[in-house]
Amino acid sequence: MATFLRPGERKPSAFGVSFDSDRDGEAALPMPAVPNQGLQHQRQKLPVSKHRTEILYLVEHHQTTIIVGETGSGKTTQVPQYLVEAGWAQGGRMVACTQPRRVAAMTVATRVAEEMGTHLGQQVGYSIRFEDVCTPGVTHIKYCTDGVLLRDMLADPLLSAYSVIMVDEAHERSLATDVLLGLLKKVQRRRPDLRVIIASATLEAEKLASFFDASTVRGRKAGPVPGTVSKASALLSVEGRTHPVQVHYLEQPTSDYVQTAVQAAVNLHEEDMPGDILIFLTGQEECDRCTNLLEEEARRLRRRQGALRLMPMPLYAGLPAAQQLQVFQPPPRGYRKVVAATNIAETSVTLEGVVYVIDSCFSKQKVYNPLTGLESLLVAPISRANAQQRAGRAGRVRPGHCLRLCTEETYERELRAATVPEMQRSELAGTVLQLKALGIDNIMAFDWLAAPPSETMVRALELLHALGALDGDARLTKPVGQQMAELPLDPRLGKCLLQAAASGCSAEVVTIVAMLSVQSIWAGAHGEKKALNAAKMRFAVGEGDLISYLNVWKAWEDSGRSRKWSHTNFINHRTMLRAADIRNQLCSHLRRVSLPLASCDGDVTTVQKALAAGLFTNAAQLSDTIYESLDPAYTGTNMYRLVRGAAGQQVKLRIHLGSVLWSCKPQWVLFYQVQQNSSGWYEMQDLVAVQPEWLTECAAWEAAIAAAEAAARCEAQPVTGLGLRLEPRLCAVQHL
DNA sequence: GAGCACTGC
């Protein structure tokens with residue numbers, strides 16, 4: 001008779017291995033109160049169900065189990081249920097399953113609740129930002145975003161509420177996933193009873209296995225001595241359930257993949273085979289352009305009799321909600337959808353009915369340069385793993401085709417096997433602050449799944465030190481550092497808010513930082529640029545974009561948060577509602593730490609100064625006018641100088657055309673972010689105009705300058721592998 | 001001089 005032991009109940013069984021067969025195992029398990037018979041039948045048909053016993057065995061005997069499961073294997077919905085059935089939720093502990101995206105956590109929890117015949121929020125719940133649908137003491141399975149679990153760790157660092165943590169979609173290697181895995185490895189040393197399951201698509205699995213332990217075992221035959229728990233991780237593969245996708249390449253490379261994609265879509269269309277077409281492009285502009293070109297083609301083709309008609313539509317995150325919903329509707333009879341989408345269609349949403357994928361093999365990727373301290377987006381070739389994921393989107397309903405807009409040789413030679421983990425391409429101040437708050441003192445020695453460049457870590461420590469979150473020994477300060485770590489904000493914005501609370505303008509600044517925490521509030525439907533600009537200028541003030549946001553917020557509130565008002569003012573209503581949610585959450589955080597929510601009643605200078613306290617590291621001064629055109633009407637580009645950057649690290653910096661300060665060109669500005677355009681210019685967005693003396697008013701700023709000057713005398717340290725040298729001024733902060 | 005991949009707290 002099979003018995004599956006709970007953590008802390010280790011008793012070596014007389015026969016060693018404590019399982020026999022699936023049937024016995026099932027019989028011993030408590031079933032849900034009202035199982036849905038139809039769903040139970042479907043459950044048993046999932047590929048993962050064949051591995052139920054093996055999974056439970058491995059989890060019982062190994063601290064870490066890695067499950068390689070392809071799309072459609074059922075691991076996300078089934079594994080947590082198996083664990084609960086085997087008793088892992090007894091004794092009040094929960095099984096958690098983390099997801100990189102909110103929607104996934106929500107929909108999977110809903111599905112599993114249905115399968116278990118329970119109400120969502122009872123035995124099965126989910127927890128995402130703004131929504132905790134769980135009942136303490138009742139919920140056994142909790143689906144949550146990895147970000148939420150990381151936040152939870154601030155209050156419960158050893159995750160004592162959980163018996164098993166399953167980290168899903170680990171192959172995506174998102175920032176939060178990587179941090180979580182690093183922390184889980186640490187927690188396991190203190191909590192040998194904690195089980196970690198990592199679910200990943202192929203490629204990354206080996207790396208994950210060796211990270212958790214070098215002596216990885218495969219399958220049950222190589223299992224440990226019965227009755228003991230092995231620290232070696234176990235690796236198990238579960239087949240997926242998708243249709244084959246035939247891949248095609250270009251014979252000749254193309255210089256304009258948007259045009260080529262349009263042509264390819266038309267060719268596919270003219271073959272009159274049924275099925276929708278999905279085109280992967282890099283950004284909003286390309287998707288709109290592609291849609292326009294396809295519309296021209298559709299008009300031309302309409303004259304043909306009897307054939308399917310083309311129905312082109314764009315898909316990207318910034319699209320107004322109504323237009324986005326349209327993409328998910330099945331096309332009217334006689335029409336074929338052609339969706340020109342960004343990366344959003346790679347993982348975040350699924351389009352039913354797609355049989356053809358046309359892949360540009362490019363995407364916009366976040367890159368961080370620790371020498372300039374600038375994070376921006378760059379169009380770059382995707383990885384082969386991404387390309388496979390994209391191709392898979394053609395095989396969801398029936399066998400499909402994928403056309404890659406490059407030659408096979410280029411694909412094999414120039415695309416890397418896997419994407420560089422986000423950890424190695426990001427600015428890390430927020431991550432480092434979070435780790436510090438969790439008591440990870442030595443960031444440089446942290447067991448990273450993929451160690452970021454050391455310059456990036458030093459940069460992050462330097463920024464946190466300048467913001468006053470870390471002291472000279474790189475320890476979290478109280479209360480500033482602690483409060484900043486608790487705020488769900490970028491550390492710079494957190495500092496703005498704390499400063500505002502101290503100077504009596506938190507009511508204003510909480511609005512500004514909430515609006516900076518969402519994507520652009522401007523809803524730019526294509527062909528309406530002028531009207532959008534006019535709308536923007538109605539709210540614009542000379543103090544900059546951040547102060548202008550206050551005007552937008554007030555007008556939106558005065559309209560009663562009207563959707564119609566948003567529409568007429570070219571504002572994305574959905575984005576505003578999200579900013580409002582964030583604003584609420586931040587207000588309750590302030591209340592909890594007894595910081596006042598006070599208004600400065602129109603004293604803009606106080607607001608600007610509070611913003612300067614958090615953004616001073618992103619200061620720029622108007623320097624030269626550059627004439628790079630022969631056009632006599634061209635008046636030149638006003639270039640800004642990055643105040644913080646060392647002389648050798650200057651970049652071509654200017655104000656983004658979308659900023660309200662574009663035509664004002666103030667002497668001194670602070671910016672929240674930069675965008676790198678195709679001609680190499682860094683363009684500052686979300687600006688605030690400042691006086692230079694406000695910058696020196698920031699005590700931390702002076703400290704940073706002093707530290708820099710002192711450190712400049714140090715010998716620069718070589719950094720291995722990258723051929724880069726650590727900036728000398730950075731070593732002053734670093735005592736780890 | 002003309003525009004902002006995608007997530008997450």
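In what follows, chains are A, B, ... by sequence order, proteins preceding strands, each numbered from 1.
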* Just call it for A:W681: base, sugar-phosphate, or nothing, with non-hydrogen atoms closer than 4.0 Å on any strand. => nothing
* **Salt bridge present between A:K142 and A:D132 (N-O < 4.0 angstrom)** => no
* Residue pairs passing the salt bridge (Lys or Arg N to Asp or Glu O under 4.0 Å) test where at least one lies in residues 360-369 of chain A, sequence neighbours excluded -> A:K366-A:E422
* **Reading 5' to 3' through nucleotides 4-9 of chain B, protein heavy-atom contacts under 4.0 Å coded B for base, S for sugar-phosphate only, - for none** => BBSSSB
* To do: Identify whether any heavy atom of A:D581 sits under 4.0 Å from a base atom; if not, whether one sits that close to sugar-phosphate; answer base, sugar-phosphate or nothing.
  => nothing
* Asked: How long is the gap from CG on A:L184 to CD1 on A:I197, to the nearest 0.5 Å?
  -> 11.5 Å
* Asked: Rounded to the nearest 0.5 Å, what separation is found between the CD atom of A:E683 and the CD atom of A:Q675?
  -> 7.5 Å
* Asked: Base, sugar-phosphate, or nothing: which does A:I655 touch, judged by heavy atoms less than 4.0 Å apart?
  -> base
* Scan side-chain atoms only and decide if A:Y549 and A:D686 contain a donor-acceptor pair under the 3.5 Å cut-off. => yes
